[in-house]
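Start at 1 and go down the list; that is how both ligands and their atoms are numbered.
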Amino acid sequence: MGLHLVIGNKNYSSWSMRPWFGLKVAGIPFDETVVSLNAPDFKERLGKLSGTGKVPVLIDDDVHVWESLAILEYLAEKFPDVHLWPADVKARAHARAVANEMHAGFVPLRRHLPMNMWRPAMARDLPPDVAANVRRIEAMWGDCRKRFGAGGPFLFGAFTAADAMYAPVVARFATYKVEVDDVSAAYMQAMMALPAWREWNEAALKESWVLPEDEPDWPTVHRM
Ligand SMILES: N[C@@H](CCC(=O)N[C@@H](CS)C(=O)NCC(=O)O)C(=O)O
């Protein structure tokens with residue numbers, strides 16, 4: 001039996017996007033099941049699979065891995081040839097710090113700019129704490145590109161798990177027309193040019209579930 005990833009709505013579930021994107025860009029085969037976050041049996045189904053009752057969860061035979069970052073770590077160990085972390089120890093430490101900062105933080109940004117793939121690009125006012133998150137991410141991306149990015153267009157040159165962790169941030173910055181400097185804009189372009197990006201986006205746009213809490217202009221739903 002191969003890998004099976006259980007995820008939430010592609011339009012809304014940013015934590016689901018991270019391991020899905022890592023798997024796709026790395027070219028690791030997997031099956032997927034999408035369970036809408038508002039499905040009546042969501043908690044019951046996910047409770048049995050992840051313990052937390054949340055997505056994503058990766059199932060590999062009798063191994064169940066929940067938490068997006070732990071899934072990426074598992075993939076990096078199971079498939080060392082795809083190099084989901086940088087080979088160099090200093091770059092790898094930096095990539096892990098950057099990925100952990102995303103996993104543990106940026107709550108104002110995540111709350112104010114929920115991932116919403118089908119919303120046409122429209123700016124939102126940014127409260128100071130959200131603007132501070134944006135400036136921190138922009139500085140971090142710029143630092144990664146400058147110090148470690150010579151070998152390619154991603155944070156550490158070639159695509160790594162750190163990029164997978166920031167994929168939904170790229171989506172948010174694009175959707176909410178967040179102003180960023182040229183280095184961050186080029187990084188975002190490289191991420192959005194990946195075939196995996198188009199695949200996720202196209203599937204998201206076909207979904208019919210609407211979740212009020214992730215629609216910033218509720219009850220108006222702007223859809224492409
Ligand atoms: N820290 C977790 C966060 C998982 C999470 O919050 N998932 C959301 C969807 S994006 C979820 O399952 N929400 C449903 C719920 O809490 O009932 C991770 O990194 O995987």
Does some non-hydrogen atom of S13 fall short of 4.0 Å from ligand 1?
-> yes

Return a yes/no value for S16: is any of its N or O atoms, backbone included, closer than 3.5 angstrom to an N or O of ligand 1?
-> no

When distances are taken from atom 20 (O) of ligand 1, the protein heavy atom at minimum range is S68 N, 2.9 Å

Could you list the residues that satisfy ring pair (Phe, Tyr, Trp, His ring centres under 6.0 Å) with W66, not counting sequence neighbours?
-> none

Mode of F42 contact toward ligand 1 - side chain, backbone, both, neither (heavy atoms, under 4.0 Å) | side chain

For W141, is the NZ or CZ atom of R145 found under 6.0 angstrom from the centre of its six-membered ring and inside 45 degrees of the ring axis?
-> no

Does ligand 1 have any atom sitting under 4.0 Å from a heavy atom of P56?
-> yes

Atom 15 (C) of ligand 1: nearest protein contact (heavy atom, Å) = K43 NZ, 3.4 Å

Before signing off on this row, confirm whether H103 and ligand 1 have an N or O atom pair separated by under 3.5 Å.
-> yes

K206/E202 ion pair, N-O < 4.0 Å = no

Atom 2 (C) of ligand 1 [closest protein heavy-atom partner, distance rounded to 0.1 Å] = E67 OE1, 3.2 Å

Any N or O on V55 sitting closer than 3.5 Å to an N or O of ligand 1?
-> yes

Could a heavy atom of R18 be found less than 4.0 Å from some atom of ligand 1?
-> no

Pairing of E32 and K24 as salt bridge, 4.0 angstrom limit | no

Name the option, out of T52, L37, L72, V35, that contains the heavy atom nearest to atom 13 (N) of ligand 1.
-> L37

Check for a donor-acceptor pair, side chain of N9 on one end and backbone N or O of N11 on the other, with a separation under 3.5 Å.
-> no

Is a side-chain donor-acceptor pair under 3.5 Å present for D163 with Y187?
-> yes

Do side-chain atoms of W200 reach the backbone of K10 as a donor and acceptor pair under 3.5 angstrom?
-> yes

Using the benzene-type ring in the case of Trp, are the ring centres of W85 and H94 under 6.0 Å apart?
-> no

